[in-house]
Amino acid sequence: MAADKDIEKQVEELLAKMMLSEKIGQMVQINGFKGKIPDELRQKLREGKIGSMLNEIVPETSLELQRITREESRLGIPLIMGRDVIHGYRTIFPIPLAQAATWEPSLAQAAARVAAKEAAHAGFHWTFAPMMDITHDPRWGRIAEGFGEDSYLGSLFAAAMVRGFQGDNLSSPDTIAACAKHYVGYGAAEGGRDYNTAYIPENLLHDVYLPPFKAALEAGVASVMSAFNEINGVPATGNVHTIREILKERWKFDGFVVSDWNSTAEMISHGYCEDMKDVAKKSITAGIDMEMQSTAYSDYLEELVTQKVVPEELIDDAVKRILRIKFKLGLFEKPSVYSAKLPEKPDEESLALAKEIATKSIVLLKNENKLLPLLKELKSIAVIGPMADDPYEVLGTWNRDGKIEDTVTPLAAVRDMVGDNTEINYIAGLPYSRSKDTSEFAKAIKLAKKSEVVLFFAGEESILSGEAHSRAFLNLPGAQDVLITEIAKTGTPIVLIVLAGRPLCIGDIIEKVDAILYAWHPGTMCGPAIADLIFGIESPSGKLPVTFPKTEGQIPIYYNHKNSGRPPEGKSLTMIDDIPLRAYQSSLGDTSRYLDIGFEPLYPFGYGLSYTQFEYSNLRLAEDKIKVSDAIKVFVDVTNTGDMEADEVVQLYIRDLVASLTRPVKELKGFKRIRLKPNETRKINFELSASNLGFHTNEGNYIVEAGKFNLWVGGDSNAGLMTQFEIVE
Ligand code: BGC
C-alpha cells in the first residue's frame, strides 16, 4: 500500500483535475441493476457522475461497470462497490448478537476475515458492517445485527470486525473496507420501533452509544454510515453535532461518511428539510460525504455550489475522503474483482470456524437434573419443531448471499451424530414458527410419547428480526408454546432449543421443559454446533450479551441501569396477588419495581450455564488505593469443580459508588474466556487503568473522579466475589 503521504499527494493531484460535476459524481452511490447495465447508467459512468454502487451481484457486470468507468470516463476514477456483508457472505456465521455471546472478539475478527475474502471474490470492495448500535430493547428487530446492550463488549466486537474485514492492508485483494453503522443512537429508538425517535442526553451519548464507533475508528475503519433516527430533534443524517463536530473534528476521522438508504431524503418526513434542495444543503453541511441511493446530491449540489449556498471546500473535503479510501483500497491499480469466479462451496476451514463460533455462542439457560448432555446411547429420540429441519430460517436476518444447500440443519446433524441403534422420530409439528395449524399435534405427541427424550426446535423465523421487523410481543410465535405444553404432559423429558434473532420472553415455557439451549440464528453450521452440545462433545459456554426480560412490560431492560433512590432488594416484595384490598399504599414496599413481575430479569446479562461448574475464590487486589494515572491489578482463582473440560467467561464489573453524576449499578470492565480441565485452578489477572473508569459530563467531557468503587469478578453480572478499591487524588 502506498504510504499515507503519497496517498494524500495523489488525492490532491486528482482533485485538482476534477470539474465540479465530477467531484459531485464521486459523492453519488446508486443501487445495481442485477447484471444489467441500462444506457442511462452507462452514460452517467462515462460522465463521471457515479462514485459508488451497491448490490451489483453479478461479478462479470461489476467488472464491466468498472471497465466503463476506468476506460471511458475522462479521469477514470474507479467505482467503490458495496454490499451488506453482515455475518458472512457465502459462509453464514451466527448473527452478530450471537457472535457477541461468545465473548471472544477474535472469533468475530476471523469470521469477518472469511467474509471479506468471499465478498472480494464477488467483486465487492466495501461492506456496510459492522453494525454497532447499542440497544436496551429486544423488541427492536435490529438487535440481531448488533452486539447487544453493553458498550464495552460492543466496542471490542466492533473493533475486531473492522480488523477482520480490513486486514492489515486495505489494498490486498482479499480485504474490504468496513463501515461503522448506524451513526448514532439508532438502537435507542423509542419503544423499539424501527427508525423511531431517540432522545439521548449528551453524557449517555458519549458513555453508551458512541464508544463502539470510537473503537471502530481506532481500529482504522474506512467509513461510517449515518443512521435513520433523529437524536434530540435533529436527524442523525443532518446532524452537525454528531458528524461534523464529534466524528470529524474532535475524533479526526479521515475516512468518509455515507448516508443510509434514502436517509437524506427522509429528513423531509422528519420535518427537518423543506425539499430535496434543502436535503442536499443540510446533508453536506452535517458532513455526509456520499449519498446512498437518493438523489439530493446529484440533483442539487452543483446548483447550491454555483449559487454559493454551499462552499466548494465542503465538496472538496468530501471528495478527498472518498478518494483517500479508493487509493487505500488500491482500486486504481488492482483488478476490480478479486476473481470473477465465485467458489463453488464454502471451504472446510471457513465451515469449521462457523461451527466453532456457533458452538461458543449457544447459551445453556437451564439444565434440570443434568439432562444434558445426552451421553448414553438412547433407543429413541424425538426431534420436533418448526426450526428442526429448516435450512433457511436458521441463517438469520441479512443473509443475502448464503445458500441453503450449505446449511446443515439440526435434524441432519442429530441423525449424523447418533448410531444406528437410535431411532430418530422426526416431525415438524408446525410448518413454520408463526403457524397456528394444530393438525400435526396428535402425531407429534405420539412420537414424543414413544421416545426417550424430545429435542424441540422452536424459535422465530429470520424474517421476524432485522430491519423494520420489530415485535411488540416477544413470546414464541404461533402455536409453538401450545405444542410444547402438550408434549410436556407426556412426561418425556424435553430439551428446548430456541433459534431466534433476539431474546424471547420464554418465561411461561421454562417450567415445562427440562433443559434450554438458546442458539440464536446460528448460520450455515447450525446443526453440527447444536449436536456437539447436545451430545456432550463440547460444553456450552456462551454468555448472554443482553438481558432477557420476563415480559415485554419490563423493557427497556439492561444490567447497567441506575440504582434510583428506592432500589428494590431481595425477592420478598409484595406481588400483585398478595396486595390486600383497600390497603394503605405504603404497605406495598415503596421500591422501584413492578407489582406484577418484580424487578429481576428472566436471565441477567452475562449469564450462561455449563456442563461443569466453576468456582471463584481468592479475589484480591495488588493495591486497594490507586492514582488516576495508575492501573489496578486484580487476581482471582477460578476452579473447574465439575467433571468435564470446558470454557468459562470470567467477567469483571465495577461500580463507582459516589460521583458528580450518578453511575450505573454495575459496569463491565473486563472479561476473559478461559478453558479449564476438571479440578484445574487458574489464577486470572486483570489490569484496569483508572483512567478508563471515568465517565462523561453533560457537556460531553470525559472525567475520572476520585472515590470508592466496588469490584466484582464472576460468571455473570449477578454473581461474583466482591471487593473494594479507591481512586485517590
Ligand atoms: C440499512 C443499512 C444497509 C442499507 C443498504 C438500509 O436499509 O439500514 O443497514 O446497509 O440499507 O442495504
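In each ligand, atom 1 is the first atom listed, and ligand 1 is the first ligand listed. All values below were derived from every heavy atom in this structure, side-chain atoms included, with hydrogens, water molecules and symmetry-related copies excluded.
A distance of 4.0 Å separates CD in Glu552 from SG in Cys505, rounded to the nearest 0.5 Å.
Sorted by chain and number, the heavy-atom contacts of ligand 1 below 4.0 Å come from Leu54, Asp84, Phe128, Arg142, Lys181, His182, Met225, Phe228, Asp260, Trp261, Met292, Trp398, Glu467.
In this view, Thr547 and Glu149, Ile557, Tyr559, Pro601, Phe605 satisfy the side-chain contact (heavy atoms from CB on, under 4.5 Å) rule, not counting sequence neighbours. Taking the side-chain contact (heavy atoms from CB on, under 4.5 Å) definition, one finds that Ala98 meets it with Pro94, Ile95, Ser361, Trp520, sequence neighbours left out. Residues that satisfy the side-chain hydrogen bond (donor to acceptor under 3.5 Å, both in side chains) test with Gln26, not counting sequence neighbours, are Lys326.
Ring to ring, Phe213 and Trp251 are not that close: their centroids are 6.0 angstrom or more apart. Here Trp126 and Phe256 bring their ring centres to under 6.0 angstrom of each other.
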